[in-house]
Amino acid sequence: MKQYELFINGEFIPNGSREMIDVINPATEEVISRVPKATEEDVAAAVDAAYEAQKSWAKVPAIQRAHYLMELVDLVKENREMFARTNSEEMGKPLAQSMDEAGWLADYITYFAAMARHIKGEIIPSDRPNENIFLYKMPLGVIAGIMPWNFPLFLIGRKVAPALIAGNTVVLKPSSDSPNGCYEFAKLVAKSSLPKGVINVITGSGAVVGDALSKNPKVAMVSMTGSTAAGKKIMATAAANVTKVSLELGGKAPVIVMRDCDLDATIEHVYNSRIINTGQACNCAERIYVQEDIYDAFVEKIVARFKGTTYGNSLEGTFDMGPMVNKAQQEHVDELVKSAVEEGATIACGGHKTTVGGKGYFYEPTVITGCKHGMRIMKEEIFGPVLPITTFKTLDEAIEMANDCEFGLTSSIYSQDWDTIMRALNEIHFGETYVNREHFEAFQGFHQGVRQSGLGGDDGEHGLEEFLETHICYVDYDLKTQGK
Ligand code: NAD
């Protein structure tokens, strides 16, 4: 069985008597690896290493930093299949989706490497004679990259690439449910010529390791992707040092389906959005509002689509879905489905925990009809292959229900009427809205949530800004002549 070691200052640190965490394949329930539980001293050592390394990393010209990133891209590409298998084994993702994700990791780093020559400041006219005002864009320092389990490869790219190109160094803390891919990435970092300490990887619980990172005064920003509950704790902890936070949190994406949509295309998009990654994506379709005239037709088609969904061990066949990531997530989904039934909804298909060959934390692909907007299943993040559906009469009503939510990450509308779409885009209050397509963001966009879905954002030029701070300098260039 694989035993991973903390990666600090370019070295793997022997585990010695450190406590270890079992990593479980959710399809087979077998322990597949052990990762170390870092102590508070380990966290401090990792942050110190990143802090020292950042002093010289910031002085490396950005284009040279890009060359280091491209070296990592080549290594990731060479090891794409290994990364994909690791990902499928530790969190159950279908292999084809894991291959895509390993590809995104390489592409995402490439995208930000190309930003090297685009980081620039400003020269602002002064009110005084003989003065220039220079606004520099500077790195922040050490970034703590705290990651969830659902896209463990892609998230490495999101935390590392913009941070490094901007001149920061990082301490990564992957989730204990899917840390193996990040440690495999650390092995490639160790092989590369990247200076020691620029990327560090540690593991442990959020409550100990994540918390120690969030309160370390040498951490300049906590860039965290995960649940809203954990995000709130990080914000509170980081407040002690007024440390910047960038939080990508949970979602409850509403999908508004208008009577004039292309129904068959809509069904495909909604289906894919809910089934990908076994429904465990922050911007998956989480609650469906269908205009009453086409409600029956929509339900009939989507139920047929869900019933045809295949699932199983992603390393033993080609399936639409794998298992839930762990038992707790399986129980959480089941509890929400039961609450919907208790509140009066109807299960049109699925609705149960299940296994494949007697093992695994699987959940049946599930459609729930007759939901009401106020039900728990329409308010709380499900994060599983469960689609609750309700109906509405007018666009006003649909927009009001969509906005009436503590989350504000992703939303979508399906319609072929321009006026309807434009009204929705202006009145829906979410970080992202998709029109006539499933929910998946582009590297060059800006992924961010409003309300309790986050603070700050990732991707594109605006995402890069998160990893930079301004330094404004007033330069009086001719003291001798001033005032004469
Ligand atoms: P989680 O909040 O349980 O854990 C995320 C990370 O935060 C883990 O590394 C965890 O150890 C750490 N953590 C937990 N408590 C902490 C604390 N007190 N201090 C510091 N760190 C702490 O989330 P998860 O279950 O791993 O992931 C699923 C959640 O992530 C869902 O809510 C999903 O919507 C969200 N998510 C959001 C996005 C986005 O871009 N908005 C993307 C992926 C996942």
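Quick note: numbers below take in every heavy atom, side chains included, and nothing from hydrogens, waters or symmetry partners. Counting convention: from 1, in listed order, for ligands and their atoms alike.
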Next on the checklist: Tell me whether Thr366 contacts the main-chain N or O of Gly351 through its side chain, where contact means a donor paired with an acceptor under 3.5 Å.
Outcome noted: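 Pair found, side chain donor or acceptor close to backbone of Gly351.
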
Item to check | Aromatic centroids of Phe319 and Tyr311 separated by under 6.0 Å | outcome: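 No, the ring of Tyr311 stays outside the 6.0 Å limit from the ring of Phe319, centre to centre.
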
Between ligand 1 and the protein, give all atom pairs where both partners are nitrogen or oxygen and the distance is under 3.5 Å, as lines of names plus distance to 0.1 Å.
unit_1	atom_1	unit_2	atom_2	d
ligand 1	2 (O)	Ser227	N	2.8
ligand 1	2 (O)	Ser227	OG	2.5
ligand 1	9 (O)	Met147	O	2.7
ligand 1	9 (O)	Lys173	NZ	3.0
ligand 1	11 (O)	Lys173	NZ	2.9
ligand 1	11 (O)	Gly206	N	3.3
ligand 1	19 (N)	Gly206	O	3.3
ligand 1	23 (O)	Ser227	N	3.4
ligand 1	25 (O)	Trp149	NE1	2.8
ligand 1	26 (O)	Trp149	N	3.4
ligand 1	26 (O)	Trp149	NE1	3.3
ligand 1	30 (O)	Gly226	O	3.3
ligand 1	32 (O)	Glu381	OE1	2.7
ligand 1	34 (O)	Glu381	OE2	2.5
ligand 1	40 (O)	His447	NE2	2.7
ligand 1	41 (N)	Leu249	N	3.4
ligand 1	41 (N)	Leu249	O	2.8

Checklist entry - Are there more than 12 heavy atoms of other residues, nucleotides or ligands under 6.0 Å from atom CD of Glu331? => result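 Yes, the 6.0 Å shell around CD holds more than 12 heavy atoms from other groups.
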
Item to check | Partner set under side chain to side chain donor-acceptor pair (under 3.5 Å) for Arg451, not counting sequence neighbours | outcome: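 Result, side chain to side chain donor-acceptor pair (under 3.5 Å) vs Arg451: His429.
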
Item to check | Under the side chain to side chain donor-acceptor pair (under 3.5 Å) test, residues paired with Thr369 that sit two or more places apart | outcome: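 In terms of side chain to side chain donor-acceptor pair (under 3.5 Å), with neighbours along the sequence ignored, Thr369 is linked to no residue.
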
Checklist entry - Can you name the residues that form a salt bridge (charged side-chain N to carboxylate O under 4.0 Å, His left out) with Asp107, not counting sequence neighbours? => result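 None.
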
